[in-house]
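Worth knowing before you read on, the calculation uses all heavy atoms, side chains too, and leaves out hydrogens, waters and symmetry mates. Note that the coordinates shown come from a computational prediction; the quantities given were computed from them, not determined experimentally. The sequence lines fix the lettering, A, B, ..., with proteins before strands; numbering per chain opens at 1.
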Amino acid sequence: MLVPKTDSNQGAVCSLRSVSKSFGSLKALSDVSFDIRRGEFLALIGENGAGKSTAVSVLFGLLEPDTGHVEVEGTPRRFVSARDAIDAGFGMVHQHFKLYPELTVIENVLVGNERGGPLARIPFRAAESRLRDIIDSYDFRLDLNVRVAELSVGEKQRVEILKLLFREASVIFLDEPTSVLTPQECHSLFAMLRRLQKEGASVVLISHKLDEVVSNAERILVMRRGEVVAERAVAETDRSELARLMVGAQIDTPTKVNVATDNIALSVRGLTVAGPSDKPRVNAVSFDVAEGEIFGIAGVSGNGQKALVDALIGLEPSSGGTVLFYGEDITRKRVAERRAAGVGYMSEDRMSVGLAAQGTIAENAVAGREQTAAFSRSGWLRKRAMIQNAQELVEKFDIRTPSAQQLVGKLSGGNQQKVVVAREVSARPRLLLVENPCWGVDVGAMANIHGQLIDLAKTGCAIVLVSSDLEELFALSDRVGVIYDGAIRRIFPRAELDTFAIGAAMAGDGQFSKDYA
Amino acid sequence: MFFDAALIDSVPRLVTPVLLAATGGALCERSGVFNISLEGMMLVGAFAAVAGTYYSGSPWGGLVVAMIAGAAFGLLFAFFSVWRNGDDIIVSIGVNILAVGLTALLLRSLFGVSGQFDDPGIFALPAINLGPVANVPLIGGLLSGQSVLVWLAVLLVFATHHFLHHHNFGLRLRAAGQNAEALRTVGLSPEWIKTGALIACGALCAVGGTQLSISNVTLFAEGMSAGRGWIALVIVMMCQGRLPWILLGALLFGFIDAVGVRLQGLDLPQQVTDALPYLLALLVLALSYRRRMGGAHAA
Amino acid sequence: MTHLLRSQRLKLIGAGLIGLALVLFLVPGAGDISAGFLNGAFGGRNFFNLYATLGRYAILLGMALAVVISFRAGLLNIGGEGQLVLGGLVAALVGAYLPAPPFVVAVAALLAAMVVGAGWAALAGFLERGTGVPLLIGSLLLNYPASFVASYAVSHPFRDVASGATQTFRIMQEAGLPRFNGTILDYGVFLIGAAALAYIVLEDATVFGYRSRLRGYSAGFARASGFPIRRLYYRTLMLSGAAAGMTGFIAVFGSSQRYVDGMLTTPLYAWTGIAAVLLAAVRPRLVPVTAFFFAVLATGSIGMERTAGIPREFGQVIQALIVLTLAGFAGKLTAIAGGRR
C-alpha cells in the first residue's frame with residue numbers, strides 16, 4: 001500500500017477525512033473525520049439535522065463533499081455516484097426503503113446488480129439459486145416471485161438486506177432501521193446484524209434511539225450541528241451522557257400530571273372503516289377519552305391508526321359504529337361541523353395536510369375559522385385581523401420567523417409544527433386529535449410542543465395522541481391503547497406501561513381485550 | 001351488410017397509428033414520465049415522413065426521417081422535463097404547441113403552401129400481399145394487402161413487451177417508474193433511463209404518424225393527427241401501461257373508428273362519427289376508474 | 001424559493017431582450033422584421049393593427065382568466081376550448097334566432113354562453129368526482145365532442161347556406177357589442193377586463209378566494225381544514241367554464257357577428273391562455289400582462305409576415321419555446337399552481 005497508514009486509520013475499511021459540505025447557507029458538515037473499522041459494530045448518533053445522513057451520503061457517493069475526501073482501505077477515493085461506493089463493498093438500508101413496489105422480490109434485488117449492458121438479458125436463472133441459498137441460510141422466509149407491494153414492512157426490510165448480501169457488501173449502513181419495526185422484530189434484526197459482523201462485515205447503525213445503540217454497538221460517534229463531538233466505547237458511557245452529548249445541553253422536559261375528570265369527552269363504539277378488500281382498516285374499535293385526558297395510541301404504522309384518526313375528524317367515512325362527542329352523535333358529521341363543535345386535528349403529514357406550505361403564517365393560522373366573525377364579514381376577509389392574529393400567535397408560541405406574512409414552507413420543521421399547534425390550540429378545542437407531532441422537529445421544539453399539549457389537557461381538552469415513538473407516548477399519555485391490524489388489542493393505564501408488553505401487543509401477540517371483542 | 005369484410009379489413013390501418021403511439025406512451029408511463037404530447041409527436045412524424053419522402057424520393061427515407069424527428073422531439077421533451085426538472089404537463093403543452101406551429105411553419109417555408117401538401121413525388125410505403133392468403137374468406141383481406149407498417153407495429157409491440165420484461169434496460173425502466181430515487185442509490189441514472197424511454201416514445205409516435213401520412217394516403221394536412229394521440233393516451237391510462245392490454249385497447253378503438261367510417265357511408269354526418277372515439281374513451285375511462293375507485297376509498 | 005424563481009425569471013426575460021436587441025442591430029434586414037412586428041402589433045392605418053391586437057387580447061385574456069381561475073384552485077381544467085366553442089355557438093344561435101329587443105338578446109346570449117361553458121366544465125368535474133377520471137384528461141377529451149357538435153351545427157341544421165361558408169346566420173345586428181367610434185374594436189375588451197378585475201379582487205379579498213387559493217396550495221389541507229370541498233370544487237370549475245363561455249360570446253358578438261366553423265379552435269386560443277397563465281406563474285395580477293404579451297406576439301407575427309416574409313406560424317413556434325423554457329424554470333405544476341401574489 002502506497003499511502004502510509006497512520007494510527008488513526010489502523011484497520012479502517014473506510015474513512016471520512018476533513019469533510020465539509022454546505023447547502024446554501026446551511027453548513028451540514030464541517031471538517032468531519034472518522035473511521036469505520038473492519039468487523040466492528042459502530043453507531044452514529046445525533047439529533048435530526050445533526051449531519052448523520054449527510055455524512056453517510058458522502059460516504060455512499062450520493063453527495064460530493066465541498067472539501068475533504070473519502071478513503072477506502074487508506075486510499076483516497078472520489079465517489080461520483082453510488083455505483084463507486086457499491087463497487088467498494090458498501091451497502092445501505094435506507095430509512096425509507098429503496099424498493100420498487102410493483103416489481104417482484106428478485107427483480108428488486110437485480111435492479112442495478114444485473115451485470116452486463118442495458119441490452120443484455122436479465123440474469124434471472126443465475127441469481128435465483130444464489131438468492132435461495134441466502135434466504136435459507138438466514139431464514140428470511142421470502143418468496144422471490146411475489147410483488148414487493150404485497151410484503152409486510154419487516155419483510156421489505158429483509159429484501160433490502162437480501163440485496164446487500166447478494167452483492168456481498170462488506171460495510172453495511174442502516175439508517176434508522178427500527179423506526180417501523182416492533183420490539184420483537186428489532187430483536188431479530190440485531191441478532192442477524194451481529195451474525196453478519198461475526199462473519200467479518202462492518203455494521204454502521206445510524207440512529208437516535210439510545211437504547212438500541214447502547215445494547216448493540218461497540219463504538220459510538222456522536223454528531224451535533226455537522227460535527228463529530230464525541231467518540232465513546234460503549235463500556236465507558238451511558239444513556240444519559242449520550243443524550244447530553246447529542247443535545248449539547250440539558251433540556252427541561254415537561255412533566256405530565258393527571259388532570260383527567262370523570263366527564264367522558266369522546267366515546268367511540270365499534271367504529272369500523274372499510275378497506276380496499278373485505279378486510280376493514282379499522283375494525284370495531286371502542287374506547288373512551290375523558291375530559292383532560294391524553295389517550296395515546298401505539299402501533300406499528302400501517303395498522304389502521306391513520307384511518308382511525310381520519311374517521312374521527314371526518315376525512316374518512318366510517319362503515320359502522322358510533323362516535324359520541326360529549327354525548328352528541330357526530331359519526332356522520334362533516335369535517336367543518338366537527339371543527340365547529342370543538343374538534344381539532346394535527347396531521348402527521350405536516351407539509352400537505354397540516355399546512356399549506358405556499359400560504360403565509362397568517363393564512364394558515366386561520367384555516368378552519370376563516371368564516372367566523374373574527375376573520376371575515378359577509379364573505380369578505382378581514383385581512384388586518386388575520387395578520388394581527390398571526391402576530392399574536394408568533395409571539396405566544398415562540399415561532400421563529402421574520403414576519404407573520406412569511407410563507408410557512410420557508411420555516412424550519414419545528415417552527416412549522418408550532419404554527420399547526422398554535423392554530424389548533426388557539427381554536428380552543430375540547431378534543432384534539434394528534435398524529436406524530438414531533439416528526440422531524442428538533443429537541444427544543446419537541447419540548448415546546450409537548451408542553452403545549454400538556455397545558456391544553458389542563459384546560460380540560462381531551463387529546464387522542466397517535467405516535468410511533470413509544471418514549472413520547474410514555475411521557476404524555478394517561479393511558480395507551482395498542483392498535484394492531486385495525487383493532488385496539490389492549491389498553492394500558494399509565495402505571496402499567498411496559499415496553500415489552502406493549503411490543504408484544506404491537507406485534508399482535510397480546511391478549512385480546514375481552515370487553516370490546 | 002354492415003359488418004362486412006371491408007369493415008374488418010380497414011381495422012388494421014386504423015389501429016396502427018394509435019397502437020404505435022400508445023406503445024410509446026406505455027414506455028413513458030412505465031418509466032414514470034407523464035407524457036401527454038403523443039399527439040404532437042405523431043403530427044411531427046406525419047410531417048417528417050412526407051418531407052423525408054419528398055426529398056429522398058423514397059418512402060423508406062420518409063420513415064427514417066420521421067423516426068429521427070420523433071426521437072428529436074422525445075429528446076427535447078427529456079431535456080426540459082427530465083434534465084431541467086420541468087413539469088411533464090407544461091412540457092407536454094409546449095411540445096404540442098411546438099408540433100402544431102413547427103409543422104405549419106415548415107409547410108409554408110419548405111413547400112410554400114398552407115393547410116395541406118401533396119405531390120406526385122410522395123409515395124406510400126408498400127403493402128404486403130400474402131398471395132393465396134388474400135383469398136381466404138374473412139381473414140384474407142385482414143391479413144393480406146396491409147401496409148408494411150401494420151406488421152411493423154405488431155412486431156414493435158411484442159418486441160417492446162419482451163424488452164421490458166427480459167432485458168436489463170427494461171427492468172431499469174420499470175424500476176425508474178416505481179422509485180427513481182432508489183435507482184440513484186444503486187448508481188443508476190433515472191434521468192438517462194427516462195430520456196431513453198422518451199426518445200423511443202418519440203420515434204414510435206412518429207412511426208404512427210407515418211402511417212397517417214404515407215400509407216393509405218400520401219399527403220400532409222395541418223392537424224392531421226386529429227386527436228389520435230389523445231386516444232392513445234387514454235388507452236395507456238386505461239391499461240396502466242401494460243402492453244398486451246394496450247394491443248386490445250387499440251383494437252377496440254380501431255374497430256370503433258372503422259364503424260364510424262362505415263356509418264358515414266350510411267349518411268350519418270361525419271362530425272357525429274368523429275365524436276364516437278372520444279365518447280367511447282370517456283366512457284371506458286369512467287368505467288375503469290370507477291372500478292379502481294371502488295376499492296381504494298382514501299386514494 | 002419564490003424570489004429565487006422570480007429573479008431567474010427576470011434574468012430570463014432580460015437575456016431574451018438583450019438577445020433580441022442584438023439581433024435587431026446586427027442581422028441585416030432585422031430592422032424590417034422588427035418594424036414589421038411592431039407595425040403588425042401596434043400600427044397600421046388609423047392604428048388598425050393595434051385594435052386587432054386589442055381584439056385578440058380580449059379573447060386571450062378571457063381564456064387565460066378561465067385557466068387561472070381553475071389552476072389557482074389546483075383544478076387542472078384544460079378543456080377551455082370546448083367551453084369556449086360551445087359558449088360561442090350558443091351565443092350565435094341566441095343572437096340569430098331569439099326574437100326579442102336587442103339588449104335582451106345580447107344579455108340572454110351572454111348568460112346562455114356562460115351557462116353552457118359552466119355546464120361543460122361541470123361535466124368534466126362530474127367525471128372526476130363521480131367516476132375518478134382525472135380532470136386534466138376528462139376536460140381535454142370533452143373538447144373534441146364540443147367542437148364536433150359545433151361543427152355539425154354550423155354545417156347542417158344552423159348553416160347559413162346562402163353565404164357559402166360553414167357558418168351560422170348573422171346575429172341580430174343591433175345586439176352586437178358596440179364598437180369604439182370609427183374603429184373595428186368592440187367593447188368586449190372592457191367586458192372581459194372587468195371580469196378579470198373582478199376575479200383579481202375576489203381571489204384576493206374574499207373567503208371564497210382564500211379557500212380556493214389554499215385548496216390550490218394543497219387539497220389535503222383544504223379537506224382537513226373543513227373547507228366545503230364539493231361546493232368549492234364545482235363553484236370554481238363552473239366559474240372557470242363561465243369565463244370561457246363569456247369569451248365565446250365576446251368573439252361572436254364582437255368582430256365576427258356569427259359563429260364560423262373553426263374560428264375559436266384554429267388559433268389555439270385555449271392553449272395560448274394556458275401559456276399566458278404559466279408565464280404569469282399562476283398569479284392572477286400578472287395574467288392581464290402576459291395575455292397581452294401573447295396577443296402582441298400573434299398580431300406582430302402577422303405583421304412580420306407582411307413585411308419580411310417570415311411565415312406567421314413563427315409566432316406559434318416562439319410561443320411554444322417560451323412555454324418549454326418556462327417549464328424548465330417553473331418547477332412542478334403542483335408546486336406552482338397557486339404561486340404567490
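For chain C, the nearby parts of A:Ser352 are the backbone and the side chain; heavy atoms of each come within less than 4.5 Å. Of the two parts of C:Arg211, only the side chain, counted from C-beta on, holds a non-hydrogen atom closer than 4.5 Å to a non-hydrogen atom of chain A. Within the 4.5 angstrom heavy-atom criterion, only side-chain atoms of A:Met386, from C-beta onward, approach chain C.
The line from OH of C:Tyr217 to CG of A:Leu355 is 13.5 Å long, rounded to the nearest 0.5 Å. Atom CG in C:Leu214 sits 6.5 Å away from atom CG in A:Asn364 (nearest 0.5 Å). One finds the OH atom of C:Tyr210 at 12.0 Å from the NZ atom of A:Lys383 (value rounded to the nearest 0.5 Å).
Heavy-atom neighbours of C:Tyr187 OH from other residues, nucleotides or ligands within 6.0 Å: above the threshold of 12.
Among residues 223-243 of chain C, the residues having any heavy atom closer than 4.5 Å to a heavy atom of chain A are, in sequence order, C:Arg223, C:Ala224, C:Ser225, C:Gly226, C:Phe227. Scanning residues 326-338 of chain A against chain C with a 4.5 Å non-hydrogen threshold yields A:Val335, A:Ala336, sorted by number. Near-neighbour residues of residues 411-426 of chain A relative to chain C, defined by a heavy atom under 4.5 Å from a heavy atom of that chain, comprise A:Arg423.
Between C:Val207 and A:Phe375, every side-chain heavy-atom pair lies at or beyond the 4.5 Å cut-off.
For the pair A:Ala367 and C:Phe221, the tightest heavy-atom approach, listed with the atom from each and the gap, is CB-CZ, 3.3 Å.
For the side-chain contact (heavy atoms from CB on, under 4.5 Å) test, residues two or more places apart in sequence or in another chain that qualify with C:Thr206 are A:Trp380, C:Leu202, C:Phe208.
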Q: Walk me through it: do A:Gln358 and C:Arg213 pass the test side-chain hydrogen bond (donor to acceptor under 3.5 Å, both in side chains)?
A: CA-CA 10 Å; A:Gln358 292 148 290; C:Arg213 184 168 67 241; over 6 Å; no
